[in-house]
Colleague: 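Quick one: the structure is below, and I'll ask about it shortly.
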Amino acid sequence: MTGYSSKTDVATANGKQNGSGNQTGENGTKPTEFTPQGNHASENNIQCSLTSDEFRAVNLMRQDMYPYEVIQEIADFIVKGSGIRPKIGIICGSGLGSLADIIQNPKVFDYEKIPNFPVSTVEGHAGRLVVGTLEGANVMAMQGRFHFYEGYPLAKCSMPVRVMKLCGVEYLFATNAAGGINPKYAVGDIMLMHDHVNMLGFAGNSPLQGPNDPRFGPRFPALVNSYNKDLINKAIEISKTMGIESSVHVGVYSCLGGPTYETIAELKALRMMGVDAVGMSTVHEVITARHCDMKVFAFSLITNKCATEYSDKKDDEASHDEVMAVAKNRQKTCCELVSRLVAEIQKTA
Ligand SMILES: O=P(O)(O)O[C@H]1O[C@H](CO)[C@@H](O)[C@H]1O
Ligand SMILES: Nc1nc2[nH]cnc2c(=O)[nH]1
């Protein structure tokens, strides 16, 4: 397969691995005036100051077409490498990487070692795929997800969901850290997602944009009933046995592009639209999972309360440090909820 990202290329684009920085190329060449072949810039004699390596790296990072065969190759790599065909896929939200740490007999794949896989660039997203067992079920977990604001197209952000599908995954558990807009929500609460408002979709962006491969799913998938009601009900029952039902809600999540947190006016508007919690992820993963007919369970850990009125309080400003700290505090509860739900699925298998 040609034309797919080598780890070095993408890592260079992220500025993660290229020790020589942006000033000098690998072989010591200066990044002077690389003009991409055949585009308007060269036709008009406008020059851009990227080295050819940097230009290629940026292109690879933007690459959003993953043919079925490439996804199959990645899935085969994981299934062969782990000796496991997982049934449940888990995506760990910001600061919720411990959901992957509870997996038994783990086989760990660094994203950088998986062919054609993007790399994680956000704090709280380790960048590892963990395959093993949980409550007797075969599972795989992404300890680190991909966000639109990292510079990846949505199809690339959610490409691992298709990998999960071709590994054999039937159930997607997507978790996230989110700001609570519903005034009844407190920091540390859990919101089971029963619907979403896709703001990136409103703006004409979708992980399913481009040619449709019917081996994954239909051109025009329906999204009503995307969040599996049985799993939501099971999670509510579990929350009762855990004694946390008063801090568990069922609500609507909305994904914005980030990386900025919202303005007060935006939060007011989202509330008027019926949104209970807001983040920068999950929706594109759910769309991709539903497109290929996976059962979806998703929840938000409310890591901060969103102000919907103007004030001078510094407390109203969201921060990733706060998000990470709250997630760390609540990781045990989140792990227990996930384990018990996996056990329920395994019981009925
Ligand atoms: O959605 P996850 O990955 O949990 O992370 C959430 O937390 C980060 C902001 O603090 C953003 O990435 C937002 O999407
Ligand atoms: N967009 C957004 N993402 C978040 N992730 C955690 N908290 C927030 C928030 O308040 N807004």
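For ligands, and for the atoms within them, numbers begin at 1 and follow the listed sequence. The first residue of the sequence shown is numbered 1, and numbering continues consecutively from there. Here the structure is a predicted model, which is why all the values come from computation and not from measurement.
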Colleague: Can you tell me which residues line ligand 1 if we count any heavy atom under 4.0 angstrom from one of its atoms, in chain and number order?
Modeller: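 Within the 4.0 Å shell of ligand 1, which is judged on heavy atoms, sit Gly93, Ser94, His125, Arg145, His147, Tyr149, Asn176, Ala177, Tyr261, Met280, Ser281, His320, Val323.
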Colleague: I'd like to know if the side chain of Asn205 pairs up with that of His284 as donor and acceptor (distance under 3.5 Å, no hydrogens or angles considered).
Modeller: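 Short answer, no.
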Colleague: Can you give me the closest heavy-atom contact between Cys92 and Arg145, atom names plus distance?
Modeller: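 Nearest pair, atom of Cys92 first, then Arg145: O-NH1, 4.2 Å.
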Colleague: For ligand 2, list all ligand N or O to protein N or O distances below 3.5 Å, rounded to 0.1 Å.
Modeller:
| residue | atom | partner | partner atom | Å |
| --- | --- | --- | --- | --- |
| ligand 2 | 1 (N) | Glu262 | OE1 | 3.4 |
| ligand 2 | 1 (N) | Glu262 | OE2 | 2.6 |
| ligand 2 | 5 (N) | Ala177 | O | 3.3 |
| ligand 2 | 7 (N) | Gly179 | N | 3.3 |
| ligand 2 | 7 (N) | Asn304 | OD1 | 2.7 |
| ligand 2 | 10 (O) | Asn304 | ND2 | 2.8 |
| ligand 2 | 11 (N) | Glu262 | OE1 | 2.8 |

Colleague: Check this for me: does any side-chain nitrogen of one of Glu344 and Lys347 sit under 4.0 Å from a carboxylate oxygen of the other?
Modeller: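 Between Lys347 and Glu344 there is a salt bridge, with a charged N closer than 4.0 Å to a carboxylate O.
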Colleague: Provide the closest heavy-atom pair for Leu96 versus Ala327 in the form atom of the first, atom of the second, distance.
Modeller: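 Closest approach of Leu96 to Ala327, heavy atoms only: CD2-O, 4.1 Å.
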Colleague: Taking 4.0 angstrom as the limit, do Lys332 and Glu336 come out as a salt bridge?
Modeller: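 Salt bridge between Lys332 and Glu336, a charged N being under 4.0 Å from a carboxylate O: no.
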Colleague: Can you label the angle between the Phe146 ring and the Tyr111 ring as parallel, tilted or perpendicular, going by 30° and 60°?
Modeller: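 Tilted: the ring planes of Phe146 and Tyr111 meet at 30° to 60°.
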Colleague: Between Lys268 and Glu262 (salt bridge meaning N to carboxylate O under 4.0 Å), is one present in this structure?
Modeller: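 No, this pair does not count.
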Colleague: If you measure only the distance, is there a donor-acceptor pair under 3.5 Å linking the side chains of Ser281 and Asn176?
Modeller: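 There is no such pair between these side chains.
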Colleague: When the ring centroid of His249 is compared with that of Tyr185, is the distance short of 6.0 Å?
Modeller: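 Yes, close enough.
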